[in-house]
Amino acid sequence: MQDPVPRSKENNMSAQAFWDRQAIKYAKKPIADLTAYEEKLQRIRSVLRPTDRILEIGCGTGGTARKIATGVAHVTATDLSAEMIRIARSRSDEFTAKKIEILQAEASQEVSGYPFDAICAFSLLHLVDDIPNVLDAVYRQVKPGGLFLSKTVCLKDSSRWIQVIVRMLVSLRIAPKVVCISRAELTRHLISAGFEIDQTVYFDKKRMSPFIIARRPAD
Ligand SMILES: C[S@@+](CC[C@H](N)C(=O)[O-])C[C@H]1O[C@@H](n2cnc3c(N)ncnc32)[C@H](O)[C@@H]1O
């Protein structure tokens, strides 16, 4: 008998329920490593232009989208969680309301307004069910010559102990379901999707979350 709910849809529903439950707590949580965050922002700003139209997928409560918006023409910020979106919208002021459109959408969904000059995904790819599917959607929605900026946890590059602890937290539903991927595997997925890798740097001391700038080749 056919599964009444396709597997990925079912997983997205439970991911959404998890992040809906976490949203208020997540919104109050201070940034864990402020220096690394500022370095990441600086790097993002150094490659984006004032005329750029950006898509950020998995935007959470929109903190980074608001920071990016000051240096570009427009940001479309999307997230799977209705609660994250509600909080992101509630934090919008007059300036950001003009520059940011906030929408509820799954990461592999096409969003109106594409092609974008750059697409961002921060702390997201290790959470999605099907990374190649998301990367294909990103590739389709970014302009030829445009950028994909990603920073995500590569759990396979961490110690066995960290992996065991994360698995335990996931089974206790304290942490969301995490894909155990290495930087080398993520890089291969990006290349298979058609991207070229411009930069890979680490801002975190543990070197667990590579910040990757990938480029869709120009036509
Ligand atoms: C760890 S938070 C990161 C939020 C934000 N990007 C940041 O850096 O602060 C992960 C976010 O990804 C969202 N998310 C998880 N799975 C998703 C999916 N399949 N599609 C879109 N968003 C997703 C969650 O709702 C959550 O807001």
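In listed order, ligands and their atoms are each counted from 1. Predicted model only: the values in this text are computed from it and were never measured.
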When you look at CG of L169, are more than 12 heavy atoms from neighbouring residues, nucleotides or ligands closer to it than 6.0 Å? yes

Shell of residues surrounding ligand 1, defined by a 4.0 angstrom heavy-atom cut-off that is strict: N12, W19, Y26, E56, G58, C59, G60, D79, L80, S81, M84, A105, E106, A107, F122, S123, L124, L127, V128

Begin from the C-alpha positions of D117 and K143 and carry the test salt bridge (charged side-chain N to carboxylate O under 4.0 Å, His left out) through to its verdict. CA-CA 6 Å; D117 295 289; K143 286 181 186 171; 2.9 Å; yes

Interatomic spacing from CG in L127 to CZ in F18 - rounded to 0.5 Å: 8.5 Å

Can any side-chain N or O of E56 pair as donor or acceptor with the backbone N or O of V75 at less than 3.5 Å? no

Heavy-atom pair of closest approach, residues D204 and S209: OD2-N, 3.3 Å

Taking everything shown except R173 itself, do over 12 heavy atoms lie less than 6.0 Å from its CZ? no

